[in-house]
Amino acid sequence: MPPNKKAKVRKETTSSDDSSDEGKASAFNKKKKAATPARKREKGSSDSPTYSHWLMKSEPESRFQNGIDLKFGIEDLKAQPEQTACWDGVRNYQARNFMRQMKVGQRAFFYHSNCKEPGVAGLMKIVKEAYVDHTQFDRKDPHYDAASNPGSPKWSMVDVQYQRMTRRFLPLSELKRYHLQHRDSGGPLKNLALFTKPRLSVQPLTAEEFDFILSLEDKKPL
DNA sequence: GCCAACGTTGGC
DNA sequence: GCCAACGTTGGC
């Protein structure tokens, strides 16, 4: 990655919400708008929880956009120099903001989306914190953003390094069964972003969520 | 600043 | 390939 070439990851895009830089119109803010102006920061603590675990989606099967294949599965990450790639192409404010919170050394699930078998395929590690996503200025890139200018880039990316495959593939369907179960009975996956914010391509997980999902690799499929 | 139309995501 | 959910855009 940094020294070598960057892999190209196609991140999922999705849309919306900002809150960090430009004052984009976050849907979030919009919703609560009127009510309490002071509300955004007051409690001092529960504002924005700090997360240390993540789930990042990418498509392992070929899909073409502007003649460019967006395919980037965990095997593709593994095949990169130093098994490292930049996670470029994220064009959603919420997802971008989560990437900006990422710290070196944190772990993330590599999630396969928009494919035969969606689910968690493996683990990776953040090896470089957020920096400018160069693909926003590249007219040839499927994620080119004509509205962004080099003076104030809109989009960021991080570098991730392959860590390992999960001992078994953890299908979305199974995670969903747990999610539904936990919603009724109370359990670690009751609020999992994968289901509560299904369109977000970069999602935070609590340590409990992360550990629970990881523990499934040694269990029989539900 | 509201909101309807539109576009995209992504599971199925 | 369908379609539900939801973010974004743009007219007013």
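These numbers come from the heavy atoms of this one structure, side chains and all, not from hydrogens, waters or symmetry mates. As the structure is a prediction and not an experimental result, all values here were calculated from the model.
The interatomic distance linking A:Glu61 (CD) with B:dT9 (P) rounds to 16 Å, in whole Å. Across the protein-nucleic acid pair, A:Leu55 atom CG and B:dT9 atom P stand 17 Å apart, rounded to whole Å. As a whole-Å value, the separation of A:Phe195 CZ from B:dC12 C1' is 14 Å. The interatomic distance linking A:Lys197 (NZ) with C:dA5 (P) rounds to 17 Å, in whole Å. One interatomic measurement links the two molecules: CG of A:Leu70 to P of B:dG10, which rounds to 12 Å at whole-angstrom precision. The distance from atom NZ of A:Lys116 to atom P of C:dG1 is 14 Å, rounded to the nearest whole Å. When rounded to the nearest whole Å, the span between CZ of A:Arg91 and P of B:dT9 equals 12 Å. Separating the CD atom of A:Glu59 from the P atom of B:dT8 is a distance of 14 Å, rounded to the nearest angstrom.
Counting only residues at least two apart or in different chains, salt bridge (charged side-chain N to carboxylate O under 4.0 Å, His left out) contacts with residues 168-177 of chain A comprise A:Arg168-A:Glu174. Residue pairs satisfying the salt bridge (charged side-chain N to carboxylate O under 4.0 Å, His left out) criterion with at least one member in residues 201-222 of chain A, sequence neighbours excluded, are listed as follows: A:Arg164-A:Glu217, A:Arg167-A:Glu217, A:Arg167-A:Asp218.
Residue A:Tyr111 places at least one side-chain N or O under 4.0 Å from the OP1 or OP2 atom of B:dG11.
Salt bridge A:Asp133/A:Arg91: present, at least one basic N to carboxylate O contact under 4.0 Å.
Listed nucleotides: B:dG10, B:dC12, B:dT8. Nearest to the side chain of A:Arg199: B:dT8.
A perpendicular orientation is assigned to the rings of A:Phe72 and A:Trp87, their planes being inclined by more than 60° (bins at 30° and 60°).
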